Amino acid sequence: MLDISMFRGHADVIRADHDRRGLTHENIDEVIRLDEEWRRARYDADQLRKARNEAARGVAAAKKSGDSAAADSIMAEVADIGAKIDELGAHSNECLAQRDALRMRIPNILHTDVPVGEDDQKNTLRSMHGEKVELGFEARNHNDLIEMNGWVDQARGAKVTGSRFYFMQGDLARLEMALQQYGADFLMDRGYTLVQPPLMMNREAYEGVTDLEDFETVMYGVEPDKHYLIATSEHPLTAMRMDEIIEPSELPIRLVGVSPCFRREVGAHGLSDRGIWRVHQFTKIEQIVICHPDDSWGHHEELLDNAIGLWDNLGLHYRVVNICTGDMGTVASRKYDLEAWLPGAGGYKEVVSCSNCTDYQANRLRMRYRTTEGNAAVHTLNSTAVATSRALVAIMEQNQMEDGRVSIPEVLRPYMGGQGALEPLQ
RNA sequence: GCAGACGUCGCUUAGCCUGGUAUAGCGCCGGAUUUGAAAUCCGGUGUCCUUGUGACUCGGGAGUUCAAAUCUCUCCGUCUGCGCCA
């Protein structure tokens, strides 16, 4: 959510940003109108409250001096003021609620370097990493590999839960745990604190960190407790400091979250999504930074550098792209994706997403740091380190051997008892 | 799950019984003093607005009242004991 001062003093900046995104200005104008109406109603109500306070002080003084007639007369004068205050107060509250409901839907201001374009076709290449390996035989896609090796049982997942749920087993399950361990260790070495978050969140905290539409399309609700299963540990880790004033000496806060992630993935998917590429549940190692506003662009590069270091160490071929205006979403100001080469699928596909959300989440979460001129919103950033399901797909497709076994990246072998390849399930 | 106690400004804390301007300490910021620092002293230190002799703020919400941190109801959370439990 943008700070209200943006609408009062710099609406031209928001309008220019909407122009880049191809949005109309209606919502901006409505927020400004509701804000003005709220301020008027608020002022009128404040004047009435002032009168009531003066009367109350008059009653107190009269009673203290024993003049009960004067007290009675003041009380008679202000007998109906409470009802008027309630009425005006209700109107002002309504204006404020409407203003902020609308303000929640207005997206973050994009960084000036974000390329303009309608959809992911207009994302621009930032850098290439690693080499495209010559397999010397026809590449299988990961779905063929998991089926021929028995590493994932999709049919029984569907039976006991539903479609896109699965049992992961054997060497692939062990590699999944190795990826978690390695990813967490890699970031702890770089000064990040390991955190295992709650896997459910309440509505208020969740509204602080995500697009409202996600409640319909992404998150699972848990009844009757009114909780939501987290779609990523970014959400609890970012909301962790909600309603807090952070001492500047604590910044920057660097966290590495490890958790299962739950996603409804509403909307039909085609055959191209078979396998474990797009599933309802996976594990993710996530980087989080909460920092001073002046430092966030530096930390954004730091998060990208961490992701690049990790994926280089896995020995995989991938590219980094700048996400364009049409592919950006509501919360981020700038976003980089890592896209891994999938020889079986024949393309580069998203495995890491690295975002600077500036003060957008912090405003919703009332998450501030102390300054000499008052308290100001912090900036929040997040980036995938490893989403295990997608990293497994990239490893399987790039490291596959002719017999269908898969070579294990060197850095993961110590976590696999020294094993060099994934063997079929017996 | 049951019973009891508790929730006050960044932290600690007084006020609650008996309704009438939110107390003090710590921390932090500024100033005085000092060659500099410590110590000491003075002032400031939540939010909002049309910046006023302004409004709001005592876990959230509702109620009673001229007036609620204070009384009532309700929800949330914490602690203690009991119960259950990997």
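Chain letters run A, B, ... following the sequence lines, proteins first and then strands; every chain starts at 1. Please read these numbers as outputs of a predicted model, since none were measured by experiment.
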Consider the side chain of [X], meaning its heavy atoms from C-beta on, and name the nucleotide among [options] that approaches it most closely.
{"X": "A/Trp38", "options": "B/rC49, B/rA55, B/rU47", "answer": "B/rC49"}
{"X": "A/Arg57", "options": "B/rG10, B/rC49, B/rA55", "answer": "B/rA55"}
{"X": "A/Arg39", "options": "B/rG10, B/rC49, B/rG54", "answer": "B/rC49"}
{"X": "A/Arg40", "options": "B/rA67, B/rU53, B/rU50", "answer": "B/rU50"}
{"X": "A/Asp44", "options": "B/rU50, B/rA55, B/rG46", "answer": "B/rU50"}
{"X": "A/Arg368", "options": "B/rC66, B/rU47, B/rA55", "answer": "B/rU47"}
{"X": "A/Arg8", "options": "B/rG10, B/rC56, B/rC49", "answer": "B/rC49"}
{"X": "A/Asn53", "options": "B/rC56, B/rG10, B/rC49", "answer": "B/rC56"}

In the structure shown, which nucleotide is the Watson-Crick or G-U wobble counterpart of [N], with both distances under 3.5 Å?
{"N": "B/rC58", "result": "none"}
{"N": "B/rA67", "result": "none"}
{"N": "B/rU51", "result": "none"}
{"N": "B/rA37", "result": "none"}
{"N": "B/rC28", "result": "B/rG44"}
{"N": "B/rU23", "result": "none"}
{"N": "B/rG81", "result": "B/rC2"}
{"N": "B/rU18", "result": "none"}

Please state how far atom [atom1] in [X] lies from atom [atom2] in [N], giving the value in whole angstrom units.
{"X": "A/Gln47", "N": "B/rA55", "atom1": "CD", "atom2": "P", "answer": "9 Å"}
{"X": "A/Asn93", "N": "B/rA55", "atom1": "CG", "atom2": "P", "answer": "18 Å"}
{"X": "A/Glu54", "N": "B/rA55", "atom1": "CD", "atom2": "P", "answer": "8 Å"}
{"X": "A/Asp243", "N": "B/rU57", "atom1": "CG", "atom2": "P", "answer": "17 Å"}
{"X": "A/Tyr369", "N": "B/rG46", "atom1": "OH", "atom2": "P", "answer": "17 Å"}
{"X": "A/Ile85", "N": "B/rU65", "atom1": "CD1", "atom2": "P", "answer": "15 Å"}
{"X": "A/Arg49", "N": "B/rC48", "atom1": "CZ", "atom2": "P", "answer": "16 Å"}
{"X": "A/Leu96", "N": "B/rA55", "atom1": "CG", "atom2": "P", "answer": "20 Å"}

Atom [atom1], compared across [N] and [M]: separation rounded to whole Å:
{"N": "B/rU64", "M": "B/rU70", "atom1": "P", "value": "15 Å"}
{"N": "B/rU72", "M": "B/rG7", "atom1": "P", "value": "14 Å"}
{"N": "B/rA14", "M": "B/rG1", "atom1": "P", "value": "31 Å"}
{"N": "B/rA68", "M": "B/rU8", "atom1": "C1'", "value": "14 Å"}
{"N": "B/rU80", "M": "B/rC29", "atom1": "P", "value": "36 Å"}
{"N": "B/rG25", "M": "B/rC41", "atom1": "P", "value": "10 Å"}
{"N": "B/rC26", "M": "B/rU40", "atom1": "P", "value": "8 Å"}
{"N": "B/rU74", "M": "B/rC82", "atom1": "C1'", "value": "26 Å"}

Quiz item: Any Lys/Arg nitrogen of A/Arg254 or A/Glu302 sitting under 4.0 Å from an Asp/Glu carboxylate oxygen of the other?
Solution: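 Between A/Glu302 and A/Arg254 there is a salt bridge, with a charged N closer than 4.0 Å to a carboxylate O.
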Quiz item: Is any side-chain N of the basic residue among A/Arg103 and A/Asp100 closer than 4.0 Å to the acidic one's carboxylate O?
Solution: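 Yes, A/Arg103 and A/Asp100 are salt-bridged.
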Quiz prompt | Interatomic spacing from CH2 in A/Trp151 to CG in A/Leu392 - rounded to 0.5 Å | solution =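 Separation between the atoms: 10.0 Å.
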Quiz item: Which distance, rounded to the nearest 0.5 Å, do you find between the CE of A/Met416 and the CZ of A/Arg413?
Solution: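 Spacing of CE (A/Met416) from CZ (A/Arg413) equals 10.0 Å.
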Quiz item: Given that A/Ala60 and A/Asp35 both sit by RNA chain B, which one's nearest nucleotide is further toward the 5' end?
Solution: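 This one resolves to A/Ala60.
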Exercise. Could you say whether A/Gly82 or A/Ile245 is positioned toward the 5' end of RNA chain B, judged by the nucleotide with the nearest heavy atom to each?
Key: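 That would be A/Ile245.
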Exercise. Check A/Leu194, A/Val258, A/Leu179, A/Thr384 against A/Ile285 for a side chain to side chain contact (heavy atoms under 4.5 Å, CB included) and give me the one that passes.
Key: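 Testing A/Ile285 for a side chain to side chain contact (heavy atoms under 4.5 Å, CB included) against A/Leu194, A/Val258, A/Leu179, A/Thr384 leaves exactly one candidate, A/Val258.
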Quiz item: Just by distance, with hydrogens left out, do A/Gln169 and A/Asp153 show a side-chain donor and acceptor under 3.5 Å apart?
Solution: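 There is no such pair (donor and acceptor under 3.5 Å, judged by atom type) between the side chains of A/Gln169 and A/Asp153.
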Quiz item: Does the side chain of A/Tyr206 pick up a donor-acceptor pair with the side chain of A/Asp214 at under 3.5 Å?
Solution: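 No, A/Asp214 and A/Tyr206 have no side-chain donor paired with an acceptor closer than 3.5 Å.
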Practice problem: Mind checking A/Ile74 for me? I need base, sugar-phosphate or nothing, with any heavy atom below 4.0 Å counting as a touch. | Solution: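 The residue A/Ile74 makes no contact with any strand.
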Quiz item: So what does A/Arg42 hit on the nucleic acid, given a heavy-atom distance under 4.0 Å: a base, only sugar-phosphate, or nothing?
Solution: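 Since a base atom lies under 4.0 Å of A/Arg42, the category is base.
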Quiz item: Would you say A/Arg52 reaches B/rC66's phosphate, i.e. side-chain N/O to OP1/OP2 under 4.0 Å?
Solution: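 A/Arg52 to B/rC66 OP1/OP2: no side-chain N or O under 4.0 Å.
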Quiz item: Looking at the rings of A/Trp38 and A/His91, which for Trp means the six-membered one, are their centres under 6.0 Å apart?
Solution: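 For A/Trp38 and A/His91, the ring centres are not under 6.0 Å apart.
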